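Below: one structure, written as structure tokens.
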Amino acid sequence: MLDRVSTVDALFGRIPRGWSSMTYRGRRYGVSRTWAAGGRVQKLYAEELGGTDVISANLYDGDRLQPCEMPAAKVLAFVADAVADPAGPVDPGTTPEAPSPARTAG
């Protein structure tokens with residue numbers, strides 16, 4: 001059985017690197033998973049496409065979840081249940097060492 005630390009890190013690992021489109025509870029989200037501080041901080045930002053919902057959190061050293069102005073349960077439910085859209089990630093290649101991709105208007 002995984003401990004809490006590796007469970008949270010594993011849940012974040014379900015989210016594709018870079019920017020992608022995902023579905024959560026029947027709604028589509030634009031999701032960005034990037035890194036900072038030499039890979040020690042994972043940043044998650046998800047915005048409902050055509051809606052108002054937002055999911056935002058940082059994960060420090062794989063074990064300390066810091067939601068951004070929302071309950072941790074909301075973030076954990078999203079990372080546990082969101083499903084990548086069949087087309088796959090739009091930008092699959094952001095690694096912990098690479099800068100996050102610039103968001104451009106489409």
Side-chain angles (χ1 to χ4, degrees):
M1 182 177 204
L2 294 173
D3 62 21
R4 181 184 179 281
V5 171
S6 56
T7 300
V8 174
D9 194 40
L11 286 174
F12 262 64
R14 294 185 69 251
I15 307 299
R17 296 174 180 213
W19 190 95
S20 61
S21 176
M22 300 187 79
T23 300
Y24 175 65
R25 295 185 178 174
R27 299 180 289 180
R28 290 188 64 225
Y29 287 76
V31 183
S32 178
R33 180 173 161 231
T34 57
W35 287 261
R40 291 182 38 226
V41 180
Q42 293 184 58
K43 296 174 172 259
L44 173 72
Y45 182 78
E47 187 174 298
E48 182 183 6
L49 301 174
T52 60
D53 193 29
V54 171
I55 309 291
S56 183
N58 296 317
L59 181 63
Y60 297 90
D61 296 320
D63 66 352
R64 198 174 83 227
L65 179 65
Q66 183 65 49
C68 301
E69 300 183 17
M70 65 191 58
K74 180 176 180 175
V75 175
L76 293 173
F78 181 85
V79 296
D81 296 335
V83 177
D85 288 342
V90 173
D91 178 6
T94 304
T95 63
E97 298 77 29
S100 61
R103 217 170 158 182
T104 59

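From a predicted model like this one, the values you see are computed outputs, not experimental measurements.
Here the OG-CD distance, from S56 to E69, works out to 8.5 Å after rounding to the nearest 0.5 Å. The distance from atom CD1 of I55 to atom CD1 of I15, rounded to the nearest 0.5 Å, is 10.0 Å. Atoms CG and CG, from L76 and D81 in turn, are 10.5 Å apart once rounded to the nearest 0.5 Å. Note that CZ of F12 is 8.0 Å distant from CZ of R33, once rounded to the nearest 0.5 Å.
Among residues two or more places apart in sequence or in another chain, the side-chain hydrogen bond (donor to acceptor under 3.5 Å, both in side chains) test is passed with R14 by none. Applying the side-chain hydrogen bond (donor to acceptor under 3.5 Å, both in side chains) criterion to D53, with sequence neighbours excluded, gives Y29, K74. Evaluation of the side-chain contact (heavy atoms from CB on, under 4.5 Å) rule for A80 yields L11 as partners, not counting sequence neighbours.
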Which is it for E48 and Y24 under the side chain to side chain contact (heavy atoms under 4.5 Å, CB included) test, yes or no, and what are the steps along the way? CA-CA 9 Å; E48 182 183 6; Y24 175 65; over 6 Å; no

Working note: K43 + Y45, criterion side chain to side chain contact (heavy atoms under 4.5 Å, CB included); need CA distance, chi angles, decisive distance, verdict. CA-CA 7 Å; K43 296 174 172 259; Y45 182 78; over 6 Å; no

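A pairwise comparison of heavy atoms in V75 and A57 identifies CG1-CB, 3.8 Å as the closest pair. In this structure, D9 and G62 approach most closely via the heavy-atom pair CB-O, 3.5 Å. Heavy-atom minimum distance, S20 versus M22: OG-CG, 3.9 Å. Considering every non-hydrogen atom in both A72 and P67, the closest pair reads CA-CG, 3.6 Å. Among all heavy-atom pairs drawn from A46 and V31, the shortest one is CB-CG2, 3.9 Å. Closest approach of C68 and N58 over heavy atoms only: SG-ND2, 4.3 Å.
No chain of hydrophobic side-chain contacts below 4.5 Å, direct or via other Ile, Leu, Val, Met, Phe, Trp or Tyr residues, connects Y60 to W35.
A salt bridge links R28 with D85; the closest basic N to acidic carboxylate O contact falls under 4.0 Å.
Side-chain atoms of W19 and T34, non-hydrogen and from C-beta on, never get closer than 4.5 Å to each other.
At most 12 non-hydrogen atoms from other residues, nucleotides or ligands lie less than 6.0 angstrom from CZ of R40.
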